[in-house]
Every structure is written in structure tokens, then in C-alpha cells.
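Notes to accompany the following structure.
Atoms considered below: every heavy atom in the structure, side chains included; atoms not considered: hydrogens, waters and symmetry mates. For this chain, numbers begin at 1 and follow the sequence in order.
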Amino acid sequence: MPAATTSDIIRSTPVPQTTASLHSMASIQTASPLHHGVVDASQAGHAHFDDSVLQKSQLSKKSHKRKSRATANLYATRYEVVHAVVEQAGMQVSKEDDPKCYLIWSDSFVQNERIAELKSYQRLNHFPGMGEICRKDCLARNISKMNRKRPEEYNFTPRTWIFPAEYSTFQTYTKELRKRKKQKTFIVKPANGAMGNGISLYRNGEKIPQNEHIIVQEYMDKPFLLDGYKFDLRVYVLVTSCDPLRVFLYQDGLVRMGTEKYHAPTDGNIDELCMHLTNYSVNKRNENFQKDEDVSKGSKRSIRYLNNFLSKNGYDVPNLWFNIQNLIMKTLIVAEPHVLHAYRMCRAGSHAGNESVCFEVLGFDIFLDKKLKPWVFEVNRSPSFGTDEKIDYDIKSGLLGDAIKLMNIRVSDKRKSISAERAEAERRLLGPTKRPEHHSSKEDRGDRHRKIAIDKRKEELKQYLNMIRLDRKREEYENRHMGGFRRIFPTENKSQQAQWTQLLDDAFQLFLSGRAPALQKDMTRAYSQYKEAEILDMIEQCEEDSVSLMAPLVPRGPKFGKRPYLEELVKQRLSSMPTADVPQPSGEDTEDTGDEAMWEKNSPPTSPSFRRRQLSNGPPQRSRPTSSFAHRLSSETREHRSTSRPLSSNQLGKQSTGSQPVVQRTRSLTRPLSATKRIIANHNKETTNVKSEREEQLTKRTLTALTDMRIKFPGKTDEEADTVLDAIESNWKYHKPRIASYWLVKLDSIKRRKVIDIVRMNIRALLQRVWHLNDVDNLALYRIFCRVFNRLLWSHGQGLWNCFSTSQCSWETIFSKSTDVISPLEMSCCRRIVQLCRQCLLIVYQFAAETKNAVAPEPVKTRTYPGNEAPKYTTWNNGNGAIAQRPVRPGHPLQAPQP
């Protein structure tokens, strides 16, 4: 048997754990006298070569594994259990605040600007707009609105008053109680408090302070008791998407108990908070607080134990959790219009059904009365993940682990996201552009409009079909990795799904009040019951309708002898000879005169005029494709290029001899490509300079018009309105707390937006007039203004309120943190807009104060002027007390749009 070589021994031996053992193995084999005795140099070199290859392959595999791990940014969380669960999930925790990590976890609210900067492969644990149910005052306000619309559905929260706005209503209620000789206990909470801070109980409602930002609730004095103690439930809910809404309920949670035996509130025990409050942060300081590893003992127990306890005592546990799940969904339905609108504002351009970059773990505080009816007290957007006890770690680690699994974070998503962004960028840059149709007939334009409508409908159906398929894949994944969660929306119970869908429709109509119709349309489509086969049939029908319109859409041309035009077209398409000549008709029918002939002569290859010439002249010659730059030129630029560049040999032949016309090439083949690029570059530079000068002039005109714009006060002249503003500013110490209460507390998000819309709609009309554009949404200056308006509404109106402070201008940070360059003129326009919004708020506040007892403000008519002088401004009232004003162009009276 021949002796094995060193390389064979190394290949047949299992890979050692360290490189040192690999070197020792090679040295032992080469020095062994049992083989050849003397090792050949080539064999020794081959052994060392294999040794180095193995080392490099092992290192590359380890480094590849290390690079392929998803990263997590936990810089903004203080909870150790979050770090532990993320590492157990196989993710690598970033040591710095890296904004490019796959998972970003924060214990506090994240600004909308950061959500807008997220890539599609990233996940953040907060939704924008969720504060509409997580702030106590916002929750009370929104539930109260839905209660007025659907009182039989929204009756699961205690009666609540928001101070100081509803102080007089509360005093009227307490007087009625005194007349009926009834006494109730009220619980007072800070409007944006947490962890039991600032909570107190009152037996006499008249002693409650009226100028603080608090909420007052009726105290539920008949609770369901557990071993004689009052308790509440911390129920965990996971929202994985808002577009469309997907909600999961965790099947375990915490039972938080008081540490003093419960008794009905009296004047003697009203201050014993450990009896009446169940907050862990309040009761953990009490000496009676019990810690126990058994989930059935101690002051903190599990929901699984409570279910077993209720079942043993004959209570209907499934019905209880059906009611809890029902009120959780109704609460989230209240938040959905706000959350979806804020999410779409942050993620502009994203379609319904795309993977959500946000998710949120919410903590619902559920109270059970003596009849075992559940009530919602509050919703926590950042529930505590502290693990002081074993029960905390068991429940919260399982909750977080299952939540991260449901997120389905994959390393390959980043590569797919980058590829999708590149494809979208190429589609925008190289895609076809709309062509003007100055000389097409009405019938052709109507057919083309119908064709565009059919194509748009077909595109929407394809997006809807894609959304259904993605939802099916997502649902299959969720069913396999749900863990301790249970999906409650969408649900398989058709009657309950229909009920919740109807509530969603009511919530959109109530809170958006006619705005954002696209959101309501997408919402209706997302929860419709169409199946994939039905949508495929709709797409096929659209294609059939499109084919039926193809014949009218073919441009009309002259007849070819006795043969109809379409017959000749079919003959051209079926012809195998690409250079075959078609007989050219003669006579006056073929002569082009006037502007139409010039337009067709200078039209690009993608225009309808070119197609008419192409079909009349014969099959097209092979030519090089035109650049995307040529498709973006205006008609004037195309005319300039067609008259300035030299003619090709075919065109020269056509002019010298009366030969048959041929198709013009997109570029002269005799000119080098570099020369063409130089011409395009020079033209680009000239066009850019002219465009920038024109934009600068229009921006100056916009600033001048903004400076002339005034906010009108109903029933007062401009001088009187200026006097009102001066009076408010001179007595600012008196008005400051009242304006803050009016803007930040009394007005909800819808009314605050309406106040800003007074200025927004006037700015929009001004831009349309100055820039001569009907649609200014794509105007760069208007997009800048929209960013300012959104910033002023930031944090429930705090953005505009900060503008009243001389020490900070928070709205300017949106430009300092952005890569976009803002010119001084544009910044001046933004400052003027902020000044108009400030004045608008002051006018609305003063008008509301003067007409406090009025049922509704009367509409303000257009101001009249003496003599025959035309009015310089048009004014109107939008219902909030502010009068907007804008200049009127002579001869073109403008009606004020309704905000």
C-alpha cells in the first residue's frame, strides 16, 4: 500500500479547532520516519499551502457570519431585559446610537423626522400619533367624541373632565349632585403624567384647582376584589402595522394589587393611596408589599392565575376576555385615523400593504368592577419593562421575544431595500413623461383620457393584488411564530370584523372630517372582502377595455389607395421586410401647413405627431435610443434643438431631391457621441441658470406678497385688528397662560390644524397666482412651507407655542438637521409664515373670547370699499374665529376655499 502524502493526510483529517494544532499535525506527519523518511520539498510546500488556505477559509467564514448578523440600537433604553432578549434573538447590539440598525428601541417618544428617515428594512418601536390615546387628556377627548357619535359602543371609560377647559361643566355637574344630595369621589391625574405621580382623590369637587392641566374622573368605588384588595390588569397589546391595522393580544400579563385592604372612600381614608391606587410605583414603597416567586401569591400576580381563580369560582372567563378584547380594539380604532395620517405624513410615497417600519407594544390598564365589567383607565405607550421580580422577567421576556419574532427582521431585507430604491430611482428618472397634445382632436383626447383612467385603475388593482398576496404571506408567517400572542385584528369572526370596520369608517369621518379622502379609500379597500381571483378578473376586464380603445387611439392618417388605414397598419406590422416602402399619397390631403406642420416636424420620437408621420411614412428605421434628457425637454427646447443641429445625410437628400420622406433619426450618426454630450451639457447649464434666475424672481415676488398678507379680525378694520394684537402683546403676562390653555388643551388636533389651515390655504392660493400653477404640491417652495406647517403642529401644537418664546425657534431645526439647502429668501418666507400663524392664533383666541356665548360665528362677507375702487383683498371666516385675507387680482375675483 503506498504511503499517503502529507496533503492527503491533511485533507482526510478533521479540521482542528486552532491553527496551532494544525501546524503541529503537519510537522508530525512530515517528520514521521514511518513514511518516506525524507519529505519531498514540493510536498512540504503543498502542505503549507493547504494549511494557509484552511486558515483563510475559516477566518472568512467567521467574519462572514459576524457581518451577516442583524444589528440593534438599544442606546435609548435602560431595561436589561430588552438587551437580553435581543441578544437571545441572535442580533448584535450596537455600542453607539447607530441610526442604520435593523432594530431601534427607545423608551420615549421618537420625533417624526427620525421616522421619516428610516429605511424600509428598519423597525422602530413607536408609531407617530399614538399619543392621541396614550395621553390621558387626548384619550378622554377622543373617547368623548366617539361616545357622542356611538354611545352604545363607547361606554367603557369613567366620566372625565379636562381642566381648565371643562371646569365650568364640571362645576355644573357637582351642583346637580348637591341638589340630589349625592356625593361622589373624584380622582385627579396630571394630563401627561405616569407612574402614579401627582394623583390625588377629592370628596368635594369645589376644592379641585381649576388652572392646572389635569383630568378629573369619577372614582370607581365598587371594584372586584381579590383577597380583599383592589387590583387592575396590565394587558399587553402589540400593534405591528397601521397601514393596514394589525393587532395582537398577549395571553399573559400582570395583576397589580393594592397593599391595603380596600374600603369605600371616606373622609378618613381618602389619603390612603395604597388602598385606592394599584400602581406598582406607589405600592412598592409600602411595608405590606409582598414579593413572592409563586405567581399565585404576593402583591403582583399573573393573569393566568387570575383566569384560573375566576374559573374555579364559576365566572365566565371567555366572555370576560371577549369584552376586554372588544374595548381594546375600540380604543385602537379611535387612534387609527390619527396614527395612519401621521404615519403617511412621515412615510410619504409608501403604499398600503408595505412592510411597516414601526411597531408598538402598548400597556392597557384594565379595571374590573364588581360585576366583572372591564373599564379602560389609560394606555401606556412605553410600559415599564423593569424586572424587580421573577414574575416580571418571565412575562416580559416572553412578551418581547415573541414580539421580535413577529417583526420578522431579516438581514436580506437591507439588500432588497437598496435594490428597490435603485429601481424606483431609475423608474423616476428614465420613465416616460407626459406629452402636450395641442393639436389632437377632442375625440382623440377623450379616448386618451379614458385610456389613462383604465391604466390607473389597472395599476391600483395590481397594487391591491400585491397587498393581498403580501398579507397572505404575512399571515402564514404570523401563524407559525405567534408564540404567546393572539391576533385580534383582522379577525376571522366576520360579524365582529364587520362591526369594527364600520367603527373605523365612523372614526375616519369624525376625526379627519372630510380631509385625506385617499386614506379613507385605502382603509375601505384594505378591509374589503375581495378575493384574489376576483381581482384578477377585474384586471383582465381592464385589459379588455384597454384593447377595445386601441383602435380609436391610433392616430388618423390618409388612406392608402382603396385599402383602409388599419388594414395597411396590419400589413406593416406583419411585413418581414423592415425597409419596405409604402406608396406615398399625393394631393392636398398630405400637406401640413402652419403650426401643426412645424410641431410635427420638430416633435420627438415619442410624441403622437411623430407616430403619425411614422405610420404614414412606413416602418421605422433602426435608430439609437434617445436619452432621458430628450424626453424632459419642453416644446421650445425641442424646436431650438431641431433647428440648430446639422442635418443628417437622409435629411439633406430629402431637401435636395423630392424623394420620399424617411423617418428622422434621433441623433446624427455622423457626429461623435462626445460632441452630442457636450451640446447636452451646455444646454443643461444654460437651462439651469435661466431656471434658477426665474425661481429667484418668483420667490422674491412670493416674499413681497407674504409681507402684504394680513390676518383679518371679523367685524374690525385692519387698524383695529393691529390694536388688538398690540394689546395682547403688551399684556402678555396676563394672556400667556390663557392662550396656552386654549391652544394646547382646549383645541384638539383637528381644530389646531384648522387654525394653521387658515394660513396654509391662503399660501397655497398665493403660490398658484404668483407661480401660475394650478397644482403646487410638487413645487419645492410649497414643500418647504408644508414642513414648516407640520413642525408648528408638532407635539400637539407645542411647535407653534414655542415660537412665542424669544429664546427658542424650534421650527428652524428642521432645516439645520436636513441636507437640503435653504436660500435666505426661502428662509425669510418661512419666517413670515410663522409670524402669520402666530397672529392667526392670537386673532382666533381673542375672537373666541369675545364670542364665548355665541352658538356659531356668522360668515363674514367680502369687504366693500367706497366708490368704484376694486377690492384689494378677499376675506372669509373658516369657523374658528379667524378671518383670512389675500389680495385679489384685478378682473379675476377669487372665492375663498373652504379649509
Side-chain angles (χ1 to χ4, degrees), residues 76 104-116 118 124-146 157 160 162-163 165 189-195 197-198 213-215 217 236-239 241-243 245 247 328 330-347 356-365 376-384 507-508 510-512 516 519 740-741 743-753 755-756 789-802 810:
I104 302 175
W105 192 284
S106 175
D107 295 340
S108 59
F109 172 72
V110 179
Q111 293 184 356
N112 293 353
E113 288 82 0
R114 188 168 186 181
I115 298 176
L118 292 176
L124 177 69
N125 70 318
H126 288 295
F127 276 102
M130 195 62 78
E132 292 293 333
I133 61 171
C134 294
R135 280 180 58 106
K136 297 180 180 65
D137 54 346
C138 295
L139 175 65
R141 184 184 298 111
N142 293 323
I143 292 292
S144 177
K145 288 183 178 181
M146 286 297 291
T157 57
T160 308
I162 304 173
F163 278 29
K189 306 176 183 179
N192 196 24
M195 302 175 64
N197 296 325
H213 296 165
I214 56 178
I215 66 165
Q217 287 182 332
Y236 295 103
V237 175
L238 172 65
V239 181
S241 173
C242 70
D243 192 11
L245 185 63
V247 184
I328 287 174
K330 290 176 181 177
T331 306
L332 290 174
I333 284 172
V334 169
E336 173 65 5
H338 306 282
V339 173
L340 180 57
H341 186 263
Y343 183 80
R344 287 283 185 92
M345 293 289 288
C346 294
R347 308 293 299 175
S356 174
V357 299
C358 297
F359 70 98
E360 192 138 16
V361 178
L362 300 172
F364 279 74
D365 290 346
V376 172
F377 274 3
E378 57 185 82
V379 183
N380 300 273
R381 73 180 312 168
S382 297
S384 172
F508 271 91
L510 176 64
F511 294 110
L512 295 184
L519 292 183
S741 175
W743 174 249
L744 300 175
V745 179
K746 186 173 182 179
L747 297 183
D748 58 9
S749 60
I750 302 299
K751 292 182 179 179
R752 284 193 292 265
R753 186 174 292 278
V755 174
I756 298 298
F789 289 131
N790 294 334
R791 183 65 182 186
L792 296 181
L793 293 170
W794 165 76
S795 186
H796 306 280
Q798 194 67 40
L800 178 58
W801 181 246
N802 290 343
S810 60

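- Taking CG of Asn125 as the start and CG of Asp107 as the end, the distance is 8.0 Å to the nearest 0.5 Å.
- Residues passing the side chain to side chain contact (heavy atoms under 4.5 Å, CB included) test with Ala335, sequence neighbours excluded: Met130, Ile133, Val339.
- In this structure, Ile750 CD1 and His338 NE2 are separated by 6.0 Å, a value rounded to the nearest 0.5 Å.
- Scanning all heavy atoms of the two residues, the minimum distance from Ser384 to Tyr236 falls at O-OH, 4.3 Å.
- The salt bridge (Lys or Arg N to Asp or Glu O under 4.0 Å) contacts involving residues 330-343 comprise Glu153-Lys330, where partners must be two or more places apart or lie in separate chains.
- Cys242 is not listed as a side-chain neighbour of Cys358, based on a closest heavy-atom distance of 4.5 Å or more.
- In this structure, CG on Leu340 lies 9.0 Å from CG on Leu245, to the nearest 0.5 angstrom.
- Residues that satisfy the side-chain hydrogen bond (donor to acceptor under 3.5 Å, both in side chains) test with Arg135, not counting sequence neighbours, are Asp137.
- Trp743 places a side-chain N or O within donor-acceptor distance of the main-chain N or O of Gly797, the cut-off being under 3.5 Å.
- A 4.5 Å side-chain heavy-atom check between Glu378 and Lys189 finds at least one atom pair inside the cut-off.
- Within the model, atoms CD of Glu360 and CZ of Arg381 stand 5.0 Å from one another, a figure rounded to the nearest 0.5 Å.
- Put simply, the side chain of Tyr343 never gets that close to the backbone of Gly129: no donor and acceptor are under 3.5 Å apart.
- Contact between Arg347 and Ala116 at its shortest, heavy atoms only, is NH1-O, 3.5 Å.
- Taking every heavy atom of both residues into account, Gly131 and Cys138 meet most closely at O-CB, 3.6 Å.
- Thr157 and Val376 get closest at one heavy-atom pair: CG2-O, 3.6 Å.
- Ile215 contributes atom CD1, which lies 11.0 Å from atom CZ of Phe163 (distance to the nearest 0.5 angstrom).
- With contacts defined as side-chain heavy-atom distances shorter than 4.5 Å, the pair Ile104/Leu118 qualifies.
- Between Phe109 and His126, every side-chain heavy-atom pair lies at or beyond the 4.5 Å cut-off.
- Side-chain contact between Arg791 and Glu113 is present, with at least one heavy-atom pair separated by less than 4.5 Å.
- Contact of the Val239 side chain with the Ser356 side chain is not registered, since no non-hydrogen atoms from C-beta on lie closer than 4.5 Å.
- Summarising the geometry, atom SG belonging to Cys346 is positioned 4.0 Å from atom CG belonging to Asn112; distances are rounded to the nearest 0.5 Å.
- Between the side chain of Asp365 and the backbone N or O of Phe377 there is no donor-acceptor pair closer than 3.5 Å.
- Val334 places a side-chain heavy atom less than 4.5 Å from the side chain of Phe511.
- Heavy-atom minimum distance, Val110 versus Ser106: CG2-CB, 3.9 Å.
- Counting only distance, with no hydrogens or angles, the side chain of Asn142 and the backbone of Glu132 share a donor-acceptor pair below 3.5 Å.
- You'll find the side chain of Leu332 reaches within 4.5 Å of the side chain of Leu362, heavy atoms only.
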Original post:
Should Leu744 and Gln798 be marked as a side chain to side chain contact (heavy atoms under 4.5 Å, CB included) after you check the CA-CA gap, both sets of side-chain angles, and the distance that decides it?
Top reply: CA-CA 7 Å; Leu744 300 175; Gln798 194 67 40; 3.9 Å; yes
